[in-house]
Structure formats: C-alpha cells, structure tokens
Engineer: 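Once you've had a glance at the structure underneath, I'll fire off some questions.
Each ligand, and each atom within it, is numbered from 1 in the order the structure gives.
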Amino acid sequence: MFAGHFGLALAAKRATPRTSLGTLFLGAQLLDLVWPVFLIVGIEQVRIVPGLMAASPFDFVHYPWTHSLLMACAWGMLVGGIYFAARRDARGAAIVGALVVSHWVLDFPMHRPDLPLWPGGPVVGLGLWRSIPITLLLEAILFGGGALAYARATVAHNRIGSIGYGVLVAFIAVAYLSVVFGPPPADAHAMAWTTLVMWLFVPVGAWIDRHRTLRTAAA
Ligand SMILES: [Zn+2]
C-alpha cells in the first residue's frame, strides 16, 4: 500500500488536532521510510521481479526489522514514546504510535504472504496486489477519504494551505499511479536511493499544515 497510508495519516488529524500533519505522515509511513535506509546498508533485501504481482514487482526477500508485526509495534512504541517525551500529549502520542502499527495492518491485505509476524516468524499476507482494480479501489477509498477528512477538519488561511494542499494530494495520487502503471524500477539499489525522497513528505506535510487551522478553532 502507498497512498492509503497517507490517507490514514490525513484522517488522523481530526483525532489529534494539535499533531502536525508532518508527524502523522512520519508515523503512517515510518516503516517505508526506514526500509530504504536498511536496504542501502544491507540489513534488509528486496528483489525486483517484473510481473510478480499485478500491482507490485517487489519480492520482499528479507525485511523483518521494518515489516514484521512485532517490530511495527516496537517502532510504534518508540515513536509514540518520543512524541510523548517531546509534547507531553498522551492522546497524540498514542495516535502517532498507532499510525506506525497501522502501516503493517494496511500492508497485510495487499502483500502476498511475505510479512513476518516477528523476525524469523511465520509470514502472512492476503495478496490483494494480484488485482489492480481491487488495489486501486482500496487505495482510492483510503486516500480519497483521508484527503477529504483533512480538508473538512481544517481550513486554509492562505494559498499555501489551499493550493499547496491540493498540489500535495494530486502529487501523491499521480506518484502512486505512476508507480503502479509505470515500468518497474530497473535496479533495487537505485530504487532504494530514490525511495529516500519519501522523507520529504514529512517537512512538506508539516509546512502545509502550518498554513491551515482547525475548523473549530477558526469558527
Ligand atoms: Zn510498507
């Protein structure tokens, strides 16, 4: 899953209004943000197998430290703990931590059985990536729903908040469609380096969030 993770982060704004969208993006995508780093340093491995699944050419050979359920919970507790230490906001910390775990939960229906429950443990996955229509439908519902929920929960106070937000939403949608319908990456190592640009969504999300206010606060 890709856009759906952003959708959940956007939807979470209502539940924890004081948390920056950048932090919510970081939580929901943390596993995929750490993953390319671990690929580059050689802790985890992926192979690109064109045609492996209709909506994904990735053979996730080894990724227990980012994509096992146990480690997702550990990352969630770490990030939630850091958030609590910094902000003293238990509700916000719990939601950010839960977003980290939500990444694994949303990946579970999409991946073939390659997601470990714990490092070295049994692997699970429902394999919905075998169907492009189902994949696109789920991504669209989650991302579209989240984008709408964020737009409704907040109000822009300038063009960065309004147009900037529109551009961000369109960019995520187009980026995702180009991943699904574009040619598979030629080389796993180069793909890992390119995937690092995903980190940019954190400052960009925080930047746009600063130019929007909660609707209740504005009213
Ligand atoms: Zn993932």
Engineer: Could you tell me which N, O or S atom of Asp107 is nearest to the Zn ion (ligand 1)?
Structural biologist: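 Distance check against the Zn ion (ligand 1) picks out OD2 in Asp107.
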Engineer: Evaluate the ring planes of Phe25 and Phe201, with Trp represented by its six-membered ring, and classify them as parallel (under 30°), tilted (30 to 60°) or perpendicular (over 60°).
Structural biologist: perpendicular
Engineer: Any sub-3.5 Å donor-acceptor pair from Lys13's side-chain atoms to Ala153's backbone N or O?
Structural biologist: no
Engineer: From the Zn ion (ligand 1) out to just under 2.8 Å, does an N/O/S atom of His103 turn up?
Structural biologist: yes
Engineer: Name whichever N, O or S atom of Asp32 ends up nearest to the Zn ion (ligand 1).
Structural biologist: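 Nearest N/O/S atom of Asp32: OD1.
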Engineer: Linking I/L/V/M/F/W/Y whenever any side-chain heavy atoms sit under 4.5 Å apart, do Phe108 and Trp75 land together?
Structural biologist: yes
Engineer: Do Phe60 and Trp35 have ring centroids that are under 6.0 Å from one another?
Structural biologist: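 Centroid distance Trp35-Phe60: below 6.0 Å, so yes.
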